[in-house]
Enquirer: 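Would you mind keeping the following structure in view while I ask a few things?
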Amino acid sequence: MAPDQMFKRWVHIALAIFALSFIYFLVADLWMPVSTQSRVLHPVVNISSKVSGQVETIYVQNNQNVEAGQVLFSLDKRPYEIAVEKAQLAIESATQSNLQLDAAITAAKAQVVASKADVDELALEVDRVDSLIKSNTVSRQLYDQTKANYQAAKAQVEATQADVINYQAQRGKSGGENLLLRQAQNTLQNAQLQLQYADVRSQVKGQMSNLQLQPGNYAQAGSAVAAVVVEKGDIVA
């Protein structure tokens, strides 16, 4: 092989090696980049209570590893326990109020029936005195009194019917759709949720940091009192 042909072959080989190397480094940089300057960043999650209260017990300390859902500290639960009990009493009160309204509706309906019976009886009396007044058998005073009693009885029917409507409006729907019960149950659920929030838990897994609490301190809702450095970090290069 002539020297110039040998040289040309080596040039082709060198160009092929260069092209393959360039493609390799390009692909490697896309799939597995390499850098001499990189660092791992760990997100930091601030810890604060959702309700306010006096700190009662602290279960962790700085630099301690914590799990997601682990209780970090607890507030004084007594005010929230009282709120739960108060809400439970409100449900009992609403139940009793509904029973009283049911009884009032039943009594009002009975009064409507009785009033209608009086109206029917007085209607017959009016017809009787109406025929007698024409023959001057009864006095005009008795006639007027009977008519007045009849009108009063009709007004009493309307009043008792209005009472039934009023009691039914106060009573509302039955069962779980009852307004009084729903309001009391919502209050109870909110009180129970506030009681759960008295135990402040970590939302992430990581390391406790910057804990600034002591038993007896007052924790304000939404104010950060500690931080958790998330265990899983992000690589930045």
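Quick note: numbers below take in every heavy atom, side chains included, and nothing from hydrogens, waters or symmetry partners.
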Enquirer: Check for a donor-acceptor pair, side chain of N62 on one end and backbone N or O of L211 on the other, with a separation under 3.5 Å.
Expert: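 Checked: pair present.
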
Enquirer: Can you sort out the partners of V228 under side chain to side chain contact (heavy atoms under 4.5 Å, CB included), two or more places apart, ordered by chain and number?
Expert: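 Side chain to side chain contact (heavy atoms under 4.5 Å, CB included) list for V228, sorted by chain: I47, V66, S202, V204, M208.
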
Enquirer: Do Q70 and Q64 pass the side chain to side chain contact (heavy atoms under 4.5 Å, CB included) test, and can you show the C-alpha distance, the side-chain angles, and the key distance before you say yes or no?
Expert: CA-CA 12 Å; Q70 180 178 342; Q64 177 181 334; 3.9 Å; yes

Enquirer: If the condition is side chain to side chain contact (heavy atoms under 4.5 Å, CB included), which residues does E92 pass it with, not counting sequence neighbours?
Expert: L89

Enquirer: Please list all pairs meeting side-chain hydrogen bond (donor to acceptor under 3.5 Å, both in side chains) that have one or both residues in residues 75-90, counting only residues at least two apart or in different chains.
Expert: D76-R78, K77-D199

Enquirer: For the hydrophobic clusters of this structure (ILVMFWY residues joined by side-chain heavy atoms under 4.5 Å, transitively), does one cluster hold both V51 and V84?
Expert: yes

Enquirer: So, taking the atom named CG in N217 and the one named CG in L75, what distance separates them when rounded to the nearest 0.5 Å?
Expert: 11.0 Å

Enquirer: Could I get the full list of salt bridge (charged side-chain N to carboxylate O under 4.0 Å, His left out) partners for R128, not counting sequence neighbours?
Expert: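 Counting only residues at least two positions away or on another chain, R128 forms a salt bridge (charged side-chain N to carboxylate O under 4.0 Å, His left out) with E125.
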
Enquirer: Checking the side chain of N166 only, and the main-chain atoms of A162 only, is there a donor and an acceptor separated by less than 3.5 Å?
Expert: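 No; judged by distance alone, with no hydrogens or angles, the pair does not exist.
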
Enquirer: Could you state whether L193 and V200 fall into the same hydrophobic cluster, counting links through intermediate Ile, Leu, Val, Met, Phe, Trp or Tyr residues with side-chain heavy atoms under 4.5 angstrom apart?
Expert: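 Shared cluster, yes.
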
Enquirer: Can you sort out the partners of Q151 under side-chain hydrogen bond (donor to acceptor under 3.5 Å, both in side chains), two or more places apart, ordered by chain and number?
Expert: none

Enquirer: Starting at CG of N149, measure out to CG of L142 and round the result to the nearest 0.5 Å.
Expert: 9.5 Å

Enquirer: Measure the CD-OG1 distance between Q141 and T146 for me, rounded to the nearest 0.5 Å.
Expert: 10.0 Å

Enquirer: Write down the atom of Q54, the atom of G216, and the distance for their closest heavy-atom approach.
Expert: NE2-O, 3.3 Å

Enquirer: Under the side chain to side chain contact (heavy atoms under 4.5 Å, CB included) rule, collect the residues that match up with S52, sequence neighbours excluded.
Expert: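 S52: side chain to side chain contact (heavy atoms under 4.5 Å, CB included) contacts with Y218, Q220, A221.
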
Enquirer: What are the two closest heavy atoms between T160 and Q111, and how far apart are they?
Expert: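 In this case the closest contact between T160 and Q111 is CG2-CG, 3.1 Å.
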
Enquirer: Would you mind listing the cluster partners of Y167? Hydrophobic ones only (ILVMFWY), side-chain contacts under 4.5 Å, chaining allowed.
Expert: L101, I105

Enquirer: Please name the pair of heavy atoms, one in A219 and one in S49, separated by the smallest distance, quoted to 0.1 Å.
Expert: CB-OG, 4.0 Å

Enquirer: For residues V164 and V112, determine if any side-chain heavy atom of one lies less than 4.5 Å from a side-chain heavy atom of the other.
Expert: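 The answer is yes; the side chains approach within 4.5 Å.
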
Enquirer: Which residues satisfy the side chain to side chain contact (heavy atoms under 4.5 Å, CB included) test with A90, sequence neighbours excluded?
Expert: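 Side chain to side chain contact (heavy atoms under 4.5 Å, CB included) check on A90 returns A184.
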
Enquirer: Just so I know, are the side chains of L213 and F73 near enough to count as touching, which here means a heavy-atom distance under 4.5 Å?
Expert: yes

Enquirer: Taking the side chain as every heavy atom from C-beta outward, state whether I58 and P215 have any pair of such atoms under 4.5 Å apart.
Expert: yes

Enquirer: Can you run down the side-chain hydrogen bond (donor to acceptor under 3.5 Å, both in side chains) pairs that involve residues 179-188, sequence neighbours left out, and say none if there aren't any?
Expert: none

Enquirer: Hydrophobic cluster mates of Y150, side-chain heavy atoms under 4.5 angstrom, ILVMFWY only, any path?
Expert: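 Its cluster mates, by chain and number, are V119, L122, V126, V157.
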
Enquirer: Taking only residues at least two apart or on different chains, which pairs with a member in residues 138-156 satisfy salt bridge (Lys or Arg N to Asp or Glu O under 4.0 Å)?
Expert: R140-D144

Enquirer: Hey, are the side chains of K116 and Q156 touching, using non-hydrogen atoms and a 4.5 Å cut-off?
Expert: no

Enquirer: If the test is side chain to side chain contact (heavy atoms under 4.5 Å, CB included), which one of N63, V229, V45 qualifies with S209?
Expert: V229

Enquirer: Side chain of E158, backbone of A155: donor and acceptor closer than 3.5 Å?
Expert: no

Enquirer: Between Q194 and Q189, is a side chain to side chain contact (heavy atoms under 4.5 Å, CB included) present by the stated rule, with each step listed?
Expert: CA-CA 9 Å; Q194 298 289 311; Q189 290 174 358; over 6 Å; no

Enquirer: Any side-chain hydrogen bond (donor to acceptor under 3.5 Å, both in side chains) pairs touching residues 93-103, not counting sequence neighbours?
Expert: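 The answer is N98-N178, D102-R171.
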
